[in-house]
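Following: one structure in C-alpha cells, then a few remarks.
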Amino acid sequence: MKGNMNIAIDGPAGAGKSTVAKKVAKALSYLYIDTGAMYRALTYAALKKGIDLNNGRALLELLEAVSIKLEDGENDTKVYVNDEEVTASIRTDQVTKHVSLVASHREVREKMVEQQQRLASQGGAVLDGRDIGTFVLPNAELKVFLTASVEERAKRRYEENRSKGFSSDLEQLKVDIVKRDELDSNRAFAPLRKAEDAVEIDTTSLSIDEVSEAIITLAKERA
Ligand code: DC
C-alpha cells in the first residue's frame with residue numbers, strides 16, 4: 001500500500017505489539033519503528049557506563065552523545081548504539097528491569113520523541129510503544145491499542161525467551177510484567193494510556209495473523 005499514513009500501536013508489555021507491528025509494516029511496505037528498542041538501547045548504554053539511572057540530566061547527556069540506530073531488516077530490526085550492535089543485548093533481563101526507570105524521565109522522553117517524530121515525518125511508518133497515539137503522533141491516521149491478559153502476556157514472553165534459548169520462571173515473568181505496566185502507566189510524563197480515538201483489540205485469544213489482518217484492514221479502509 002502506498003500512501004503516507006502513520007500507524008500507532010500502543011499497549012502494555014507483552015501484548016504482541018512488536019510482532020504485529022513488524023507484520024503490518026511488511027505487508028504495507030511501511031517502515032517499522034520500534035520505539036521501545038530506543039529506550040532499551042539508552043538503558044543498555046547507561047548501564048554499561050555506570051550512569052545513575054535516577055539522573056535524568058545525565059541520561060539526556062548520554063543520549064545526546066550517542067547515536068541510536070534502528071535498521072529494518074528482512075526479519076528483525078537491528079539496533080545499534082554508535083557502531084556496536086546491541087540487538088540481543090537490549091533484550092536481557094537486566095535491561096528489561098531498568099528500562100521503565102530510564103523511560104520515566106521527562107528530558108529523556110522529550111529527546112526520544114523528537115527523534116521518533118523525525119523518523120515518522122514522511123509518513124508510511126508503523127510505530128509501536130506506549131505513548132505513540134497520545135503523545136508522539138497525536139494525529140496518526142490509525143491508532144491501535146493492544147491488550148491481553150497478564151497470564152497470556154507472561155506465557156508469550158516465556159515462549160519468546162525459550163525460542164531464543166533463555167529459560168525463565170513464568171511466575172516471575174508475571175510479577176515483572178505487572179510491575180513494568182504499573183511504572184509505565186503511572187509515570188507523570190506521557191504515561192501508557194489508550195488514546196481516545198484508538199481502536200482497542202484484546203489479543204488474548206487471537207493469533208498474530210488475526211491481529212495483523214485486522215490492523216491491515218483498518219489501514220486500508222483509512223488510506
Ligand atoms: O516495548 P518494550 O517492552 O520494548 O519497551 C521497553 C520499555 O520502554 C517499556 O517498559 C516502557 C518504555 N517505552 C516507553 O516508555 N515509551 C515508548 N514509546 C516505548 C517504550
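For the numbers below, each heavy atom of this structure counts, side chains included, while hydrogens, waters and symmetry mates do not. If you read the sequence from its start, that first residue is 1, and numbering goes on from there. We count ligands from 1, going down the list as the structure has it; atoms in each ligand are counted the same way. Fair warning: this is a prediction, and the values are worked out from it, not measured in the lab.
- Ranking protein heavy atoms by distance to atom 16 (N) of ligand 1, first place goes to R109 NH2, 2.9 Å.
- Hydrophobic side-chain contacts under 4.5 Å tie L192 into a cluster, directly or through other members, with F145.
- For ligand 1, the atoms sitting less than 4.0 Å from at least one non-hydrogen atom of D184 are 9 (C), 10 (O), 11 (C), numbered in the order shown with element in parentheses.
- Ligand 1 has at least one atom lying under 4.0 Å from a heavy atom of R187.
- Between the side chains of R157 and T96, no donor-acceptor pair is found at a separation under 3.5 Å.
- Looking only at protein heavy atoms, the nearest one to atom 6 (C) of ligand 1 is R180 NH1, 3.6 Å.
- Closest heavy-atom contact between R40 and V95: O-CG1, 3.8 Å.
- More than 12 heavy atoms of other residues, nucleotides or ligands sit less than 6.0 Å from atom NZ of K194.
- Polar contact with ligand 1: absent for K17 (N/O pair, distance under 3.5 Å).
- Remark: distances from the non-hydrogen atoms of M112 to ligand 1 are all 4.0 Å or more.
- Closest heavy-atom contact between G56 and E107: O-CG, 3.5 Å.
- Shown are D93, N161, D176; of these, the side-chain hydrogen bond (donor to acceptor under 3.5 Å, both in side chains) with S168 is made only by N161.
- Side-chain N/O atoms of E85 and T87 include a donor and acceptor closer than 3.5 Å.
- With respect to atom 18 (N) of ligand 1, the closest heavy atom belonging to the protein is D131 OD1, 2.8 Å.
- Atom 12 (C) of ligand 1 has A103 CB, 3.8 Å as its closest protein atom, hydrogens excluded (heavy atom only).
- Here S18 pairs with nothing under the side-chain hydrogen bond (donor to acceptor under 3.5 Å, both in side chains) rule; sequence neighbours left out.
- The proximity of Q116 to ligand 1, defined as any non-hydrogen pair under 4.0 Å, does not occur for either the backbone or the side chain.
- Of the protein's non-hydrogen atoms, the one nearest atom 4 (O) of ligand 1 is R40 NE, 2.7 Å.
- Residue contacts with ligand 1 for R130 involve both N, CA, C or O and side-chain atoms from C-beta outward (heavy atoms, distance under 4.0 Å).
- Taking every heavy atom of G129 and a limit of under 4.0 angstrom, the matching atoms of ligand 1 come to 17 (C), 18 (N), 19 (C).
- Pairing each heavy atom of T35 with each of D128, the nearest pair is OG1-O, 2.6 Å.
- Contact between A120 and N6 at its shortest, heavy atoms only, is O-ND2, 3.1 Å.
- The protein non-hydrogen atom at the shortest distance from atom 19 (C) of ligand 1 is T35 OG1, 3.3 Å.
- When non-hydrogen atoms are compared, ligand 1 lies under 4.0 Å from the side chain of R91 (C-beta onward) but not from its backbone.
- Counting heavy atoms from C-beta outward, Y39 and V108 have side chains that approach closer than 4.5 Å.
- Of the N or O atoms in Y39, none lie within a sub-3.5 Å distance of an N or O in ligand 1.
- Across the listed options L101, I132, V99, V99 owns the non-hydrogen atom lying nearest to atom 8 (O) of ligand 1.
- The heavy atom nearest to atom 20 (C) of ligand 1, considering only A15, G36, A21, is found in G36.
- Considering backbone and side-chain N/O of D128, none are found under 3.5 Å from N/O of ligand 1.
- Of the heavy atoms in S100, only side-chain atoms (C-beta onward) come closer than 4.0 Å to ligand 1.
- Within the 4.0 Å heavy-atom criterion, neither part of K97 lies near ligand 1.
- A donor-acceptor contact shorter than 3.5 Å is absent between the side chain of Q117 and the backbone of L137.
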